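Since the structure comes first, as structure tokens, the remarks are kept for the end.
Note that the coordinates shown come from a computational prediction; the quantities given were computed from them, not determined experimentally.
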Amino acid sequence: MTRGGRENLQDDPERKCIVTGEVQPKAGLIRFCLGPEDLIVPDILARLPGRGFYVSADRAAIEKAAKKGLFSRAARQPVKLPDDLADLVETLLLRRVVDLISLARKASGAVMGYEKVKEWLQKDKVRVLLQAADGSERGKTKLRAPDGEGSYIGFLSAEELGLAFGRERAIHAALGAGGLTTRVVEEAARLAGLRGQTVQQDGDEIALKDT
């Protein structure tokens with residue numbers, strides 16, 4: 001599994017991290033490119049033109065790249081860096097995750113609320129269970145995520161999860177099967193890396209642990 005939490009699938013395009021030197025699937029990396037005035041720009045969607053520089057989806061790796069001048073070395077020229085680059089990347093990834101969950105909701109591929117999530121679980125419609133990190137532990141244990149890799153996301157706050165559903169707060173949510181859900185899982189894995197966390201499955205219990 002990559003640092004961003006993604007399985008190392010052989011058919012994924014691979015790139016080398018400028019910090020670790022490891023070659024891994026692009027899904028577990030953050031792409032940066034050189035913008036106007038030689039400013040390093042996080043390219044979360046990997047769509048901006050120009051040569052890209054890849055760093056593992058890991059806060060420590062991004063901070064090291066900025067501190068040790070590794071972007072300048074990769075670009076073979078002096079570059080400028082935004083203040084708090086790792087924080088900026090985390091903010092952009094959070095926005096991406098929230099937007100994707102919101103898109104899934106609008107496509108009837110996501111629900112929010114204990115009763116609706118429970119109903120989906122009973123009907124085997126849930127691909128991913130989402131629960132707020134700051135929600136009641138007693139309440140969260142009453143719902144069990146389906147088996148399988150990436151079937152639980154539990155590090156978003158209630159406020160962050162609520163943004164995806166147009167609410168102030170949300171504790172329980174669920175995603176059904178589909179392409180949007182796959183993208184949510186991938187982006188959430190990268191976001192977990194920026195927050196210094198990994199999603200682990202331990203027997204029948206799925207827990208979020210600090211790295």
Side-chain angles (χ1 to χ4, degrees), residues 1-7 27-28 30 44-45 57-59 87-211:
M1 182 172 289
T2 67
R3 290 194 177 192
R6 175 78 183 273
E7 288 187 350
I30 305 297
I44 300 302
L45 299 181
D58 177 85
R59 173 172 286 272
D87 288 341
L88 173 59
V89 173
E90 180 181 340
T91 298
L92 294 173
L93 283 174
L94 174 59
R95 185 183 305 165
R96 177 67 174 158
V97 170
V98 168
D99 287 347
L100 287 171
I101 297 172
S102 180
L103 286 173
R105 172 182 63 84
K106 293 174 182 177
S108 300
V111 293
M112 183 205 75
Y114 179 85
E115 293 299 332
K116 289 183 179 179
V117 173
K118 181 180 178 181
E119 180 182 354
W120 269 33
L121 285 168
Q122 291 172 340
K123 295 180 178 180
D124 294 325
K125 294 176 63 176
V126 177
R127 165 67 177 82
V128 179
L129 175 65
L130 303 98
Q131 293 184 310
D134 50 346
S136 166
E137 292 301 323
R138 180 178 180 182
K140 289 191 290 184
T141 57
K142 295 180 180 179
L143 298 176
R144 177 181 170 182
D147 295 332
E149 183 78 22
S151 60
Y152 182 77
I153 297 173
F155 62 86
L156 299 174
S157 70
E159 182 178 355
E160 291 168 346
L161 192 55
L163 286 174
F165 293 90
R167 302 293 182 86
E168 290 187 6
R169 291 171 57 85
I171 304 299
H172 309 282
L175 298 169
L180 282 172
T181 293
T182 299
R183 289 159 65 188
V184 170
V185 172
E186 292 174 351
E187 299 297 349
R190 295 204 296 173
L191 177 58
L194 264 294
R195 292 187 169 182
Q197 300 171 319
T198 57
V199 178
Q200 297 184 352
Q201 183 168 346
D202 184 12
D204 292 334
E205 182 179 355
I206 299 178
L208 188 74
K209 298 183 178 180
D210 291 337
T211 57

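Distance check, rounded to the nearest 0.5 Å: CD of E90 to CG of L191 gives 6.0 Å. Taken to the nearest 0.5 Å, the OG1 atom of T91 stands 10.0 Å off from the CD1 atom of I44. Atoms CD and CD, from Q122 and E119 in turn, are 7.5 Å apart once rounded to the nearest 0.5 Å. Atoms CZ and CG, from R105 and L180 in turn, are 12.5 Å apart once rounded to the nearest 0.5 Å. Atom CG of L130 is separated from atom CD1 of I153 by 4.5 Å, given to the nearest 0.5 angstrom. Between L121 atom CG and L129 atom CG the span is 6.0 Å, to the nearest 0.5 Å.
The environment of CZ in R95 is sparse: at most 12 heavy-atom neighbours from other residues, nucleotides or ligands sit within 6.0 Å.
Of the residues listed (E160, R169, E159), the one engaging D134 in a side chain to side chain contact (heavy atoms under 4.5 Å, CB included) is R169, and it is the only one.
Side-chain contact check for H172 versus V111: every heavy-atom pair is 4.5 Å or farther apart. Side-chain contact check for L93 versus I30: some heavy-atom pair is nearer than 4.5 Å.
Closest of all the heavy-atom pairs between I171 and A158 is CD1-CB, 3.7 Å. Here the closest non-hydrogen pair linking P146 and S151 is O-OG, 2.7 Å. Of all heavy-atom pairs between I101 and A164, the closest is CG2-CB, 3.5 Å. Scanning all heavy atoms of the two residues, the minimum distance from Y114 to G139 falls at CE1-O, 4.3 Å. Across A188 and F155, no two heavy atoms sit closer than the pair O-CZ, 3.2 Å. For the pair W120 and A110, the tightest heavy-atom approach, listed with the atom from each and the gap, is CH2-N, 3.8 Å.
The side chain to side chain donor-acceptor pair (under 3.5 Å) search around E187 returns R190, not counting sequence neighbours.
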**Report entry** Derivation and outcome, side-chain contact (heavy atoms from CB on, under 4.5 Å), residues V117 and M112
**Finding:** CA-CA 6 Å; V117 173; M112 183 205 75; over 6 Å; no
Query - CA sep, side-chain torsions, deciding dist, call: V184, L175, side-chain contact (heavy atoms from CB on, under 4.5 Å) - result: CA-CA 9 Å; V184 170; L175 298 169; 3.7 Å; yes
Requested in this report: Would you check, one step at a time, whether the test side-chain contact (heavy atoms from CB on, under 4.5 Å) holds for R195 with L156?
Outcome: CA-CA 10 Å; R195 292 187 169 182; L156 299 174; 4.3 Å; yes
Query - Step-by-step side-chain contact (heavy atoms from CB on, under 4.5 Å) determination, R183 to R96 - result: CA-CA 10 Å; R183 289 159 65 188; R96 177 67 174 158; 3.2 Å; yes
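Remark: the backbone N or O of V98 is not paired with any side-chain donor or acceptor of S102 at under 3.5 angstrom. Under the 3.5 Å distance criterion, the side-chain polar atoms of R127 are left unmatched by any main-chain donor or acceptor of G178. A side-chain donor-acceptor contact under 3.5 Å links K140 to the backbone of A132.
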